[in-house]
Undergrad: 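Encoded as structure tokens, here's the structure I'll be asking about.
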Amino acid sequence: MIRLAASHAVRVSDLIEYELRSSIPYFHAPAGLPNAINGVNENARSWVSALESFTLRDNLQLLTLLPFASFLPTPFLIRQERAWCPRCYESQKAQGQDVYEQLVWCLQSVEICPLHKTPLETSCPACHQGLRPLCAVSRPGFCSRCYQWLGFPRPSTPETLPTDYQAWVAQQFGQLLEIAPHAQPVGKENIQKILVRYVASFAEGSRVTIAESAGCCRSSFYNWYKGASTARVDLLLRMCHKLRIPLTSLVTGAIAEPEGDARAEAARQGRRRRPLRTPDQIREVLRLAAKEQPAPSIGEVAERLGYSAPTQLYQADGEMCKVIVRNFNKSGRNHWRRMRGAKSVDESAIQKVLEESLSREIPVPVYRSAKACGFETVGPLMARFPDICRAIKAKRGAVKLARRSRVTSTLRAALSEDPPPTVEEVASRLGYGTGNSLCAWEPRLCAKLIERRRRFAEQSKKALKNRLKVVLKENPPPSLREVHARLGVTRAISRNFPEINRAISARHREFQRRAKSADRAAKPRGE
């Protein structure tokens, strides 16, 4: 669009206003055009269709990312500011070629020029300001603010040298755009097929190994692997870089063998993957573990086999797993009181902890007292002191009932207040940080209070609007600041009526202008 405007000696805004705007079903302001034109959504298709009708061309979609719209999601795809390579501008100008904005510069993940391997510039070297990708007066290769030439390369410093990842991203996107004319429509299922083949070929079926080698979250990788979601662009690039999967393979569906072998070797050096053992092999390990002294836990046996949980062990032989658990429990290794150096807890000390809890206004839960005494469950405390434990639970239940009753009465009282308070204000009165607990205990009363507060806000807004309209008829017209002070409202509240505010300000300015003109006319000449 910038080149079209320059070749016809018109401004970009005029080209849009008088030629293209009528062809767009849902027109957006020029500030939002770059994402629409260069992106992958329906707006891109609308603008491409309009430009093709204007230029009588039928292949302008190749100047956008539309050929890859099915597997490149919109978030984190297009950058919001203008970026460029000064060396490309200079090279195009020196060779007499048309100076233009390259599509790869618009990608948020691309930080260096694929050709010159130098960082892309995002601020004008003359005025040092950032630029929008498209402005009313944009020209190819020139700043839209100071109109200076942008093709002055800056000297490279150690801080601006590109990293391997930045160079790889720029190279991969360059190769991806090269195959755009021949690319077939693909979707997230293509990524799924690539990952399934990769896991089967180079990780012996272990998705955990590939996910950790790729440096991504397991749940995200599983969703991509199953085709349940589309990978975000930045996460997709990180994964492909770690696994050395070319972006073009996501379109062609081919995996290069050297790349796959290299990544499989890196996976073997990473986390120990879950082995694919047969049930007979697992049963043999369980049989030997059941005879060991001291008896191991079922979790330790699972860890020896490379599993993070004993699920596979129970599936292979549940009865033998139970034998291992019984042996471990009999050994005493599962209880902290039987470990070497551990001190036993006197029953009088346990009773003292429970009685102290009962004497409080709000008793400590029994399970917390059990933890404090070194027990994993409340069973030992309930067996020794059942009456005290039941008294603690009853007292806590009474406190909870009284608290809820107080919340209910406070909310009902708030419903009759004028003006009605917000739920957060009621929660603050009761000592809560937020209104979540109130909404959980009394959802109906909270809903009524929220509705009453909404109606009050609407009525207040309507009354304020009527008062502002009355101000428009006053003479002499007051200033907007005087109106705010008189009505007792802030500037933020008054912004709900921008047209009335502008009218009040305009009347006051006109009044001041006429007053100044009258004063000048009243003064004798020569004074």
Undergrad: Does the pair Thr64 and Val40 meet the rule for a side-chain contact (heavy atoms from CB on, under 4.5 Å), with working shown?
TA: CA-CA 8 Å; Thr64 70; Val40 295; over 6 Å; no
Undergrad: When you measure from the side chain of Ser46 to the backbone of Glu42, do you find a donor-acceptor pair of N or O atoms at a distance under 3.5 Å?
TA: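 The answer is yes, because a donor-acceptor pair under 3.5 Å joins these two groups.
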Undergrad: For Trp105, does its backbone N or O pair with a side-chain atom of Arg82 as donor and acceptor, under 3.5 Å?
TA: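 Side chain of Arg82 to backbone of Trp105, a donor-acceptor pair under 3.5 Å: no, none is there.
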Undergrad: Do Leu472 and Ile504 have side chains that get closer than 4.5 Å, going by heavy atoms?
TA: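 A side-chain contact exists here, since the closest heavy-atom pair is under 4.5 Å.
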Undergrad: With no hydrogens and no angle check, is any side-chain donor or acceptor of Gln166 less than 3.5 Å from a backbone partner on Ile112?
TA: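 Checking the backbone N and O of Ile112 against the side chain of Gln166, no donor-acceptor pair under 3.5 Å is found.
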Undergrad: Quick one: does any side-chain atom of Ser505 pair with a main-chain N or O of Asn501 as donor and acceptor, under 3.5 Å?
TA: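 Here the side-chain-to-backbone pair exists.
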Undergrad: Counting only heavy atoms from other residues, nucleotides and ligands, does the tally under 6.0 Å from NZ of Lys448 exceed 12?
TA: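 Counting neighbours around NZ of Lys448, 12 or fewer heavy atoms of other residues, nucleotides or ligands fall under 6.0 Å, so no.
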Undergrad: Looking at Leu107, is its backbone amide N or carbonyl O close enough to the side chain of Arg79 to form a donor-acceptor pair, meaning the two atoms are under 3.5 Å apart?
TA: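 Yes: the side chain of Arg79 pairs with the backbone of Leu107.
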Undergrad: Within a strict 4.5 Å, meaning less than it, do heavy atoms of the Met1 and Leu20 side chains meet?
TA: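 Yes, side chains in contact.
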Undergrad: Using side-chain contact (heavy atoms from CB on, under 4.5 Å), reason through His484 and Leu480 one step at a time and then give a plain yes or no.
TA: CA-CA 6 Å; His484 291 169; Leu480 195 59; 3.7 Å; yes
Undergrad: Strictly distance-based, threshold 3.5 Å: is any side-chain N or O of Ser460 a donor or acceptor partner for the main-chain N or O of Phe456?
TA: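 Side chain of Ser460 to backbone of Phe456, a donor-acceptor pair under 3.5 Å: yes, one is there.
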Undergrad: Looking at CG of Asn436 and CD of Glu424, how far apart are the two atoms once the value is rounded to the nearest 0.5 Å?
TA: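 Asn436 CG to Glu424 CD: 8.0 Å, rounded to 0.5 Å.
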Undergrad: Which heavy atom of Phe497 sits nearest a heavy atom of Leu464, and at what distance?
TA: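 Taking Phe497 first and Leu464 second, the nearest heavy atoms are CE1-CD2, 3.7 Å.
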Undergrad: Do Ile16 and Trp47 touch side chain to side chain, with heavy atoms closer than 4.5 Å?
TA: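 Counting from C-beta outward, Ile16 and Trp47 do come under 4.5 Å.
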Undergrad: Identify the two heavy atoms, one from Ile78 and one from Gln108, that lie closest to each other, and give their separation to 0.1 Å.
TA: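 Taking every non-hydrogen atom into account, O-OE1, 3.6 Å.
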Undergrad: Just checking Arg139: does its CZ atom have more than 12 heavy atoms from other residues, nucleotides or ligands closer to it than 6.0 angstrom?
TA: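 Not more than 12 within 6.0 Å, no.
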Undergrad: Considering all heavy atoms of both residues, which atom of Leu411 and which atom of Leu438 are nearest to each other, and what is their separation?
TA: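 Scanning both residues completely, I find the closest heavy atoms to be CD2-CD2, 4.1 Å.
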Undergrad: For Asp164, look at atom CG and say whether over 12 heavy atoms of other residues, nucleotides or ligands are found less than 6.0 Å away.
TA: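 Atom CG in Asp164 is not crowded, with 12 or fewer foreign heavy atoms closer than 6.0 Å.
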Undergrad: So, taking the atom named CD1 in Ile2 and the one named OG in Ser7, what distance separates them when rounded to the nearest 0.5 Å?
TA: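 If I round to the nearest 0.5 Å, the distance is 12.0 Å.
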Undergrad: Is it the case that the side chain of Ser138 and the backbone of Leu134 share a donor-acceptor pair, with hydrogens and angles ignored and the cut-off at 3.5 Å?
TA: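 Not at all, since once roles are kept as given, no pair shorter than 3.5 Å links the two residues.
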Undergrad: Do the side chains of Leu415 and Pro420 get nearer than 4.5 Å, heavy atoms only?
TA: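 Not touching, per the 4.5 Å side-chain cut-off.
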Undergrad: Is the number of heavy atoms from other residues, nucleotides or ligands within 6.0 Å of CD (Gln97) greater than 12?
TA: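 Count over threshold, so yes.
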Undergrad: Which pair of non-hydrogen atoms, one from Cys135 and one from Val12, has the smallest distance, and what is that distance?
TA: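 In this case the closest contact between Cys135 and Val12 is O-CB, 3.5 Å.
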Undergrad: With side-chain contact (heavy atoms from CB on, under 4.5 Å) as the criterion, how do Leu115 and Cys85 come out once you've worked through the C-alpha distance, each side chain's angles and the decisive distance to 0.1 Å?
TA: CA-CA 9 Å; Leu115 180 61; Cys85 174; over 6 Å; no
Undergrad: What's the separation between atom CE in Met239 and atom CD1 in Ile245, rounded to the nearest 0.5 Å?
TA: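 Reported value, rounded in 0.5 Å steps: 5.5 Å.
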Undergrad: Salt bridge or not for Glu90 and Arg87, using N-O below 4.0 Å?
TA: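 No, Glu90 and Arg87 are not salt-bridged.
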Undergrad: To the closest 0.5 Å, what do you measure between OG (Ser123) and CZ (Arg145)?
TA: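 The OG atom of Ser123 sits 11.0 Å away from the CZ atom of Arg145.
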Undergrad: Is it true that Glu510 and Arg507 make a salt bridge, defined as a side-chain N closer than 4.0 Å to a carboxylate O?
TA: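 Here Glu510 does not pair with Arg507 in a salt bridge, since their nearest N and O are not under 4.0 Å apart.
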Undergrad: Please indicate whether Tyr100 has more than 12 foreign heavy atoms, meaning atoms of other residues, nucleotides or ligands, lying under 6.0 Å from its OH.
TA: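 No.
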Undergrad: Would you find a donor on one side and an acceptor on the other, under 3.5 Å apart, between the side chain of Gln61 and the backbone of Val48?
TA: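 No; zero donor-acceptor contacts below 3.5 Å.
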Undergrad: Is atom CZ of Arg232 surrounded by more than 12 heavy atoms (other residues, nucleotides or ligands) closer than 6.0 Å?
TA: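 Atom CZ in Arg232 is packed in, count exceeds 12.
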Undergrad: Would you sort out whether Leu15 and Phe54 count as a side-chain contact (heavy atoms from CB on, under 4.5 Å), showing the intermediate values?
TA: CA-CA 10 Å; Leu15 175 67; Phe54 181 72; 3.7 Å; yes
Undergrad: For Gly141 versus Trp149, what's the shortest heavy-atom pair and its separation?
TA: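 Nearest pair, atom of Gly141 first, then Trp149: O-CE3, 3.1 Å.
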Undergrad: Quick check: do Asn475 and Phe511 have side-chain heavy atoms less than 4.5 Å from each other?
TA: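 With C-beta onward as the side chain, the pair stays apart.
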Undergrad: Hey, what do you get for CZ (Phe142) to SG (Cys124), rounding to the nearest 0.5 Å?
TA: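 Atom-to-atom, Phe142:CZ and Cys124:SG are 11.0 Å apart.
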Undergrad: Within a reach of under 6.0 Å around CZ of Arg514, are more than 12 heavy atoms found that belong to other residues, nucleotides or ligands?
TA: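 12 or below, so no.
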Undergrad: Kindly state each residue pair satisfying salt bridge (Lys or Arg N to Asp or Glu O under 4.0 Å) with at least one member in residues 460-484, sequence neighbours excluded.
TA: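 Pairs touching residues 460-484 that pass the test: Glu474-Arg486.
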Undergrad: Given side chains that start at C-beta, do those of Cys88 and Gln102 come closer than 4.5 Å, heavy atoms only?
TA: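 With C-beta onward as the side chain, the pair touches.
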Undergrad: Where is the tightest heavy-atom contact between Ser144 and Tyr147, given as atom of each residue plus distance?
TA: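 In this case the closest contact between Ser144 and Tyr147 is O-CE2, 4.1 Å.
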Undergrad: Give a yes or no on whether the backbone of Leu237 and the side-chain of His241 come within a donor-acceptor separation of less than 3.5 Å.
TA: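 Absent.
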Undergrad: Please examine the side chains of Tyr89 and Glu101, heavy atoms only from C-beta on, and report whether any two atoms are closer than 4.5 Å.
TA: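 Of all side-chain heavy-atom pairs linking Tyr89 with Glu101, at least one is under 4.5 Å.
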Undergrad: Should Pro478 and His508 count as side-chain neighbours, where that means a heavy-atom distance under 4.5 Å?
TA: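 Heavy-atom side-chain distance check fails, nothing below 4.5 Å.
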Undergrad: To the closest 0.5 Å, what do you measure between CG (Leu63) and CG (Asn38)?
TA: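 If I round to the nearest 0.5 Å, the distance is 9.0 Å.
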